[in-house]
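Step one of this worksheet: look at the structure below.
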Amino acid sequence: MEYIEERSLEGVKKSKSHKKVKGFIRWIALVVVSFIMVYPLIWMFSNSFKTAASILRNPISLLPDVMNLSNFSMALEMAPFDLYVFNSIFTASIIVIVQLFLSCLLAYGMSFYDFPGKKILFGGIIMTYMLPPAATYVPSYVILAKLHLLDSLAGIIVSNLANVFTIFLLIQTFRSVPKELVEAARIEGSTDRQILLKVVIPFTKSTLFTVTLINFVAMYNNYMWPSLITTSKSKMLISVGLNTFFTSQGNFTQNLPGLMAANSIAVIPLLVLFIVLQKWFIKGISDSGIKG
């Protein structure tokens, strides 16, 4: 018996040591992969403080020789990046708020009501999601032209008020809300508005935060469609403004630090947003994976 117990103890120790080695290897792999993913961002921020000569002399270095803050002022003098960032934040915020409002209403009706044509409507939503975005550019452009909304922030906002992905995700999420909670609220005399605000939304708030962050980033970085309908500098979003700045400068080498500074200015709002909402973003992704 003592021999068997000693053997079992040795087996347990080996198993624990094996798990520690595997855990350490996984940790190293995660550190390496994380560094590879984050390196371009760190490199960009680092180069925004360097001179052009310093970047060309040692391009992979992450430590600037001298903290050259003038690159940011130079970038703002060469193009109104502060205005571009404001336009992007302004349009993305309004679009996301309206998208969430409309999507919540439609998802609530699709999840808790039965009506003729419900399956056809849901199938139409799925089919719309399958369409490539480029297929909608021409009819959307014609509609905005007739509404006199070309080259305006209002045109960017109006043309992005509905999001099929958000509608589909919220329908699937709202369906996971226990029917008993909704029925109990109705028995107590709650209206649909009260049920939506006090029962459904609190139960699915992590997913709502997640879809808010995803849509905000998508609208903030939106490039193709805004570049087609806006021509004035005062109406450009940050992605369009960066591309215009990149293509309009003749000497790319000398303007490289300014371009890195401009990119840093564009990225900072997204980093702040992610830091603030990362808890809800991660929770929402995990919850969606479990419920989906």
Side-chain angles (χ1 to χ4, degrees), residues 40-56 59 64 68-96 132-145 147-161 163 213-274:
L41 186 64
I42 300 175
W43 182 85
M44 180 187 71
F45 280 119
S46 174
N47 286 341
S48 64
F49 295 101
K50 295 181 181 180
T51 61
S54 177
I55 296 174
L56 296 176
N68 188 12
L69 297 176
S70 62
N71 291 331
F72 290 90
S73 59
M74 179 184 69
L76 293 173
E77 289 175 1
M78 298 180 72
F81 288 107
D82 51 345
L83 178 61
Y84 297 158
V85 170
F86 172 79
N87 290 343
S88 294
I89 294 176
F90 176 73
T91 55
S93 299
I94 295 180
I95 289 170
V96 168
T136 65
Y137 286 168
V138 173
S140 298
Y141 189 93
V142 173
I143 292 172
L144 288 182
L147 293 174
H148 305 288
L149 293 177
L150 292 177
D151 195 24
S152 67
L153 297 182
I156 297 175
I157 294 171
V158 169
S159 57
N160 288 284
L161 290 182
N163 187 290
L213 182 58
I214 292 174
N215 288 342
F216 184 88
V217 172
M219 291 298 102
Y220 184 89
N221 292 326
N222 196 8
Y223 169 73
M224 184 59 69
W225 177 242
S227 68
L228 294 176
I229 66 173
T230 56
T231 54
S232 303
K233 279 191 174 183
S234 60
K235 304 298 188 300
M236 288 183 179
L237 303 188
I238 185 62
S239 54
V240 182
L242 282 173
N243 181 68
T244 304
F245 176 77
F246 179 80
T247 56
S248 63
Q249 302 303 315
N251 193 337
F252 173 78
T253 301
Q254 293 300 320
N255 293 319
L256 184 57
L259 182 61
M260 293 296 104
N263 278 281
S264 300
I265 294 172
V267 168
I268 288 173
L270 298 182
L271 291 178
V272 172
L273 182 66
F274 178 76

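Quantities reported herein were computed from a predicted structural model and do not represent experimental measurements.
Taking all atoms of both residues into account, the shortest heavy-atom contact from Lys235 to Thr230 is O-CG2, 3.9 Å. Closest approach of Ile229 to Gly155, counting heavy atoms only: CD1-C, 4.1 Å. Here the closest non-hydrogen pair linking Ala266 and Val85 is CA-CG2, 4.5 Å. Nearest approach of Ala261 to Ala75, heavy atoms of both residues: CB-CB, 4.4 Å. The two atoms that bring Met260 and Met44 nearest to each other are CB-O, 3.8 Å, heavy atoms only. Between Ala154 and Leu149, the closest heavy-atom pair is CB-CD2, 4.1 Å.
The distance from atom CG of Leu144 to atom OG of Ser152, rounded to the nearest 0.5 Å, is 7.5 Å. Between Leu256 atom CG and Thr51 atom OG1 the span is 10.5 Å, to the nearest 0.5 Å. Separating the CE atom in Met219 from the CD1 atom in Ile214 is a distance of 12.0 Å, to the nearest 0.5 Å. One distance of note links CG of Leu56 with NZ of Lys50; it measures 10.0 Å at 0.5 Å rounding. The structure places CD1 of Ile89 at 12.5 Å from CD1 of Ile94, a figure rounded to the nearest 0.5 Å. With values rounded to the nearest 0.5 angstrom, Leu270 atom CG is found 6.5 Å from Phe216 atom CZ.
Between Trp225 and Tyr137, the two ring planes are parallel [angle under 30°; tilted spans 30° to 60°]. Between Tyr84 and Phe81, the two ring planes are perpendicular [angle over 60°; tilted spans 30° to 60°].
For Asn263 (side chain) and Leu259 (main-chain N/O), a donor-acceptor pair under 3.5 Å exists by modelled atom type. The backbone N or O of Ile238 sits less than 3.5 Å from a side-chain atom of Ser88, completing a donor-acceptor pair.
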Derivation and outcome, side chain to side chain contact (heavy atoms under 4.5 Å, CB included), residues Asn160 and Thr91: CA-CA 10 Å; Asn160 288 284; Thr91 55; over 6 Å; no
Side chain to side chain contact (heavy atoms under 4.5 Å, CB included) evaluation trace for Ser227 with Val240: CA-CA 6 Å; Ser227 68; Val240 182; 4.1 Å; yes
Criterion side chain to side chain contact (heavy atoms under 4.5 Å, CB included) on Phe72 and Leu76, from CA distance to verdict: CA-CA 6 Å; Phe72 290 90; Leu76 293 173; 5.5 Å; no
Trace of the side chain to side chain contact (heavy atoms under 4.5 Å, CB included) decision for Ile95 with Tyr220: CA-CA 10 Å; Ile95 289 170; Tyr220 184 89; over 6 Å; no
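Every side-chain contact (heavy atoms from CB on, under 4.5 Å) that Asn87 has, sequence neighbours left out, goes to Leu83, Leu153, Leu237.
Within 6.0 Å of atom CZ in Phe45, more than 12 heavy atoms from other residues, nucleotides or ligands are found, so the atom counts as buried in its surroundings.
Annotation: side chain of Val142 is not in contact with side chain of Ser140 (no heavy-atom distance under 4.5 Å). Taking 4.5 Å as the limit, some side-chain heavy atom of Pro257 sits within range of a side-chain heavy atom of Ile55.
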